[in-house]
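These notes are about the structure you will find just below.
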Amino acid sequence: MIDKTYQPAEVETRIYAEWEQAGAFRAGTPERAAAAPYSIVIPPPNVTGSLHMGHALNNTLQDILARFERMRGRDVLWQPGTDHAGIATQMVVERQLMERQEPGRREMGRAKFLERVWAWKAESGGTITRQLKRLGASCDWSRERFTMDEGLSRAVLKVFVALYNEGLIYKDKRLVNWDPKLLTAISDLEVQQVEVRGHLWHIKYPIEGSDEFITVATTRPETMLGDVAVAVHPENEKLKHLIGRKAVLPLVGKLIPIIGDDYADPEKGTGAVKITPAHDFNDFEVGKRHGLTPVSVLTIEAKLTLTDNSFHSNLQRSPDLEETLKMEGMDRFAARKMIVSRLEEKGLLDKIEPHTHVVPHGDRSNVVIEPYLTDQWYVDAKTLAQPALKAVREGKTTFVPKNWEKTYFEWMENIQPWCISRQLWWGHQIPAWYGPGEKRFVAETEAEACAQALKFYRTAPMEDGKPYAPNLREVGIDAVMPALSSAIREEITGLSIKRDEDVLDTWFSSALWPFSTLGWPDDTREVARFYPTSALVTGFDIIFFWVARMMMMGLHFRKEVPFRDVYIHRLVRDEKGAKMSKSKGNVIDPLGIIDEYGADALRFTLAREAAQGHDIRLSPQSVENNRNFATKLWNAARFVEFNGAGRVAGFNPNGARETLNRWIAHETAKATREVTEAIEQYRFNEAAAAAYRFVWNVYCDWYVELSKPLLTGPDGPAKDETRATAAWALDEILKLLHPFMPFITEELWRVTAETGPRRDSLLVLAPWPKHDGLDDPDAEAEIGWFIDLVTAIRSVRVEMNVPGNALLNLEMINPSNETLERAQRWDEVGAFNRLARIAGTTTVRAASKGSIQLVVSNSTFALPLFGVIDVEAERVRLEKEMQKAEADIKRVDQKLGNPNFVANAPEEIIEGEKEKREEAEGRRRKIVEALDRLKSAQ
RNA sequence: GGGCGCGUAGCUCAGCGGAAGAGCACUACCUUGACAUGGUAGGGGUCACAGGUUCGAUCCCUGUCGCGCCCA
């Protein structure tokens, strides 16, 4: 028995458990050994994360694909997992320590701290996974992975060492984006350019040996202490004469050269810029071009470091310099204020302009990023990008929508070295060890690094010419190389190697996700079967972070693209189109929505709105509407049940005799094609719309209504057939909707199995419909005719204010045989009565007096409404219709009268136009007749 | 500055060379045995603007004006 109302909360939990119990989401089962594989890797959410609307959309779309392909018989692997989110997770645990007033991470030390992080992960790391299950995600949870787990860590080590040995990973001292709050380097992509209203300070630098000044404009006066030059454009007419002279750096007294460089834009500011290579990316390049040594004046915490700094070692001590050195340890923003005010005091501040410019901010810490000169590890992204570019150009991987390929190309073509080291503890520690003399050993294990060190130091002579006597005791040489002879043991006393403290960017491990999750570097069945994956579903904001890097790593290590299709979806916004954000307070919590309306309603809403290339505006109202759709489906199923329309074993609608049943079979086949094709093309909104239309506007509005006379009529073959067809079509509906609304459809699949033949499987594993030979143009034409006629009658009834319960006669004026037959068929079963409140049909030669006449499909009908109708109003109504018909005829005539049209337009279009004309002309004729009758009837 | 995209019904958006569509909202009527989380009917659009290509343009091209987003 189907309950009166659908209770999502209760059903969803139960159904999900059933799926898991049945192992329905498992990939690689023996039953599907012969099936074609279909695989998707989940974009791993942060282990710290909880489900937001973006996840809800992303995973709904993946689940639609996974369920669709599973039903199509493929061996589906939807690979789940989470990433370790280096900075985010470390921050979470550090915050927790602070809240509990426990010792901070530095006090407790690395090992202890990492224990705490793992403990946190064990406790809270499963949140988002549980939430994905509530959404209905059909991932193979038995294969869940984590970027820090053993296998994936092994993959990271292997990749790092391999790339290092190939020269594609290297260590370099250059400017990086430094986060002075988190005290780590970050990659370009983790930097947000934020437009801020700042100032442009114009500072006068005295020119050596004159009373002239050169005025530089800067947004960062505090970095001037690290200036090494002033640059002007070599063709700057006003200033180029100063090139080659020297300026006196205010507050320091150092002489710095005035150089000519294109970088100084004559139009900008004063045309002269200070050059501070240690604190600005552009200046760094200028410095390099002119052989200037960078002067760094900031600490890792972005505080001034001056006293122990070489830039003033050769300078004469002046009161100014002394005063400056007193600023030691001052924060960068305080320093800015003080420097500005000191310059002002000295009359060296020419002016201050308001100035809007972009300032880099850390996307995690939200503090201003410092370009900072340090040693970091880099990936030679440019080299790795080449095959990745080629693969997309050659169509081995396709972006959907296609225009994202342009974004991908543009970024890949201008790709910069990727800084992968992070000064954090939580993450994959870089497998590099350093021995005496800063010699580096990169290896997958410490043992190997030791071996390398041993080899190196045993053969490398030291400064004094003697062989170095290494000592590996500290790193456990006994465990590492137990077979060492005592002679070597003797020899190696004194050497120790120390591991690089830094960890890798989380995205480094994420880049391996499509194959590391499948067991690589081991040679697993999974890698062979499921790589390359079939599709990747993700947001555009992550193309650079993730998609591009997976392409690079996948191609380098597997020699094959990681995925065939990349479907890029857009953002979910609030109903006003604003980005959801905690600070704005407009966040819609998907779990709250699921609680209130059910997961299916949320999923269907997201799918219906997920048009390619458009952000989604989500309102609770729209979710409610789709919840109503679920209710509609539920009630249709109840109708079928009430009417004894049970499933019949082996029923094939192909053999249906009733027009109505042949029609719904035809429509089912049509809807199935539409949904299938749309999902195949990632047109989720079209697929959902087609299903919606079919269920509501075809099955419920017309099929169910028209089946009522048959189902409530006398027993017999027609009734039996209709029952069987109604149940059959409902089954097909459940299948078509299952990828979108898995819970309610599975529940109905279960309840409708209580009677009739046994189900072979859960719906989740049922075969996707594929219909041949159900197309029936005759049935379509007849039901179309019926719908048009009923709609016309209803329309007139409302227009004429006929009371709802009043029964009318339907007169057919000189009907064709076809019309007569059709009308009789539907009248006999009482369809006109039920759907249009028609008592009966009669054939007449002319409409009776005072009747309303309807022209439908070139037949004229009349509704006798003697005394009810206003003849004048009716004349106006008919004339309006006539005008419409005439306008149609005129439009077609214009086309057909145009010789160019007839000469150029394709045959079928011309035929179509001619048919249209015929139809309109027939309609016009009938209306003229109707008008005549109206007049004569008066 | 470079790139991508968007201006279609009151709102949110499909459609993108052959007679303007959906959902919601709105109006009127309807407690009919699946469903008021419903039914029936209806109103509402020079498809941003200006040119061009075409037999034919909401759709293709060019420009203008608005509005987003990404990258410098």
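Ion pairing between a basic and an acidic side chain is recognised when a charged N comes within 4.0 Å of a carboxylate O; A:E921 and A:R924 show such pairing. Here A:D888 pairs with A:R923 in a salt bridge; the nearest charged N to carboxylate O distance falls below 4.0 Å. The pair A:E747-A:R750 meets the salt-bridge criterion, since a charged nitrogen lies less than 4.0 angstrom from a carboxylate oxygen. At a threshold of 4.0 Å, the pair A:E370-A:R220 counts as salt-bridged, since one of the basic side-chain nitrogens sits closer than that to a carboxylate oxygen. Here A:K914 does not pair with A:E908 in a salt bridge; the nearest charged N to carboxylate O distance is not below 4.0 Å.
Using C1' as the reference atom, B:U8 and B:C67 are 16 Å apart when rounded to the nearest Å. When the C1' atom is compared between B:U40 and B:U46, the two are found 32 Å apart, to the nearest whole Å. Rounded to whole Å, the separation between the P atoms of B:C61 and B:G18 comes to 15 Å. The separation of B:C71 from B:A48, taken at their C1' atoms, amounts to 28 Å, rounded to a whole angstrom. Nucleotides B:U64 and B:A72 are separated by 26 Å at their C1' atoms, to the nearest Å. For B:A57 and B:A19, the P atoms lie 13 Å apart once the distance is rounded to whole Å. For the P atoms, the distance linking B:G51 with B:U58 amounts to 14 Å, nearest Å. Comparing the same atom, P, in B:C11 and in B:A25 gives a spacing of 15 Å after rounding to whole Å.
Annotation: of the two residues near RNA chain B, A:I889 and A:E410, the 5′-most nearest-nucleotide partner is A:E410. Nucleotides of RNA chain B nearest to A:Q192 and A:Q621 differ in position, and the one nearer the 5' end is that of A:Q621.
Considering A:F399, A:F540, A:Y567, A:F544 in turn, A:F540 is the only one that fulfils the ring-ring contact (aromatic ring centres under 6.0 Å, His included) rule with A:W404. For the pairing with A:N626, the side chain to side chain donor-acceptor pair (under 3.5 Å) check across A:E609, A:R603, A:R608 returns one residue only, A:R608.
Closest to the A:E686 side chain, of the nucleotides B:G15, B:G18, B:A41, is B:G15. When each of B:A19, B:G23, B:C13 is scored by its nearest atom to the side-chain atoms of A:N625, the top-ranked nucleotide is B:G23. Checking B:C55, B:G3, B:A19 against every side-chain atom of A:E919, the shortest atom distance belongs to B:A19. The side chain of A:K916 has B:A19 as its nearest neighbour among B:C69, B:A19, B:G15. Across B:G15, B:C69, B:G18, the shortest atom-to-atom separation from the side chain of A:R683 is found for B:G15. In the set B:G18, B:G23, B:C4, B:G23 carries the atom at the smallest distance from any side-chain atom of A:R608.
OP1 or OP2 of B:C4 sits under 4.0 Å from a side-chain N or O of A:K406.
Taking atom CZ of A:F832 as the reference point, atom P of B:U40 lies 17 Å away to the nearest angstrom. Taking atom CG of residue A:L618 and atom P of nucleotide B:U12, one finds them 14 Å apart after rounding to whole Å. Following rounding to the nearest Å, A:Q894 (CD) and B:G18 (P) show an atom-to-atom distance of 19 Å. Going from atom CD of A:E609 over to atom C1' of B:A22 covers 11 Å, rounded to whole Å. For A:F629 and B:C24, the CZ to P distance is 12 Å, given to the nearest whole Å. When the C1' atom of B:C55 is taken as reference, atom CD of A:E911 falls 17 Å away, rounded to whole Å. Between A:R617 atom CZ and B:C67 atom C1' the separation is 11 Å, expressed in whole Å. Atom pair A:R573:CZ and B:C6:P shows a separation of 15 Å (rounding to whole Å applied).
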Please enumerate all protein N or O atoms sitting under 3.5 Å from an N or O of nucleotides 29-37 of chain B, with distances to 0.1 Å.
{"residue": "B:A34", "atom": "OP1", "partner": "A:K708", "partner atom": "NZ", "Å": "3.1"}
{"residue": "B:A34", "atom": "O2'", "partner": "A:N635", "partner atom": "OD1", "Å": "3.3"}
{"residue": "B:A34", "atom": "O2'", "partner": "A:R638", "partner atom": "NH1", "Å": "3.2"}
{"residue": "B:A34", "atom": "N7", "partner": "A:K708", "partner atom": "NZ", "Å": "3.4"}
{"residue": "B:A34", "atom": "N6", "partner": "A:C700", "partner atom": "O", "Å": "3.3"}
{"residue": "B:A34", "atom": "N6", "partner": "A:E705", "partner atom": "OE2", "Å": "3.2"}
{"residue": "B:A34", "atom": "N3", "partner": "A:N635", "partner atom": "O", "Å": "3.1"}
{"residue": "B:A34", "atom": "N3", "partner": "A:A636", "partner atom": "N", "Å": "3.3"}
{"residue": "B:C35", "atom": "O4'", "partner": "A:N635", "partner atom": "OD1", "Å": "3.4"}
{"residue": "B:C35", "atom": "O4'", "partner": "A:N635", "partner atom": "ND2", "Å": "3.3"}
{"residue": "B:C35", "atom": "O2'", "partner": "A:N635", "partner atom": "ND2", "Å": "3.2"}
{"residue": "B:C35", "atom": "O2", "partner": "A:K632", "partner atom": "NZ", "Å": "2.8"}
{"residue": "B:C35", "atom": "N3", "partner": "A:K632", "partner atom": "NZ", "Å": "3.0"}
{"residue": "B:U37", "atom": "O4'", "partner": "A:N628", "partner atom": "OD1", "Å": "3.1"}
{"residue": "B:U37", "atom": "O2", "partner": "A:R627", "partner atom": "NE", "Å": "3.2"}
{"residue": "B:U37", "atom": "O2", "partner": "A:T631", "partner atom": "OG1", "Å": "2.2"}

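Nucleotide B:G23: paired with B:C11 (Watson-Crick or G-U wobble, both distances less than 3.5 Å).
At a cut-off of 3.5 angstrom, counting only N and O atoms as typed in the model, there is no donor on one side facing an acceptor on the other between the side-chain of A:R794 and the base of B:A41.
Applying the side chain to side chain donor-acceptor pair (under 3.5 Å) test to A:R794 and every residue at least two apart in sequence or in another chain returns nothing.
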(message) Does A:F786 form a ring-ring contact (aromatic ring centres under 6.0 Å, His included) with A:W826? I'd like the steps, not just the answer.
(response) CA-CA 8 Å; A:F786 179 84; A:W826 294 101; 5.2 Å; yes
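Heavy atoms of A:S795 sit under 4.0 angstrom from primed sugar atoms or phosphate atoms, though from no base atom. Here A:N414 lies out of heavy-atom contact (under 4.0 Å) with every strand. Within the nucleic acid shown, A:A905 comes within 4.0 Å of at least one base atom, counting heavy atoms only.
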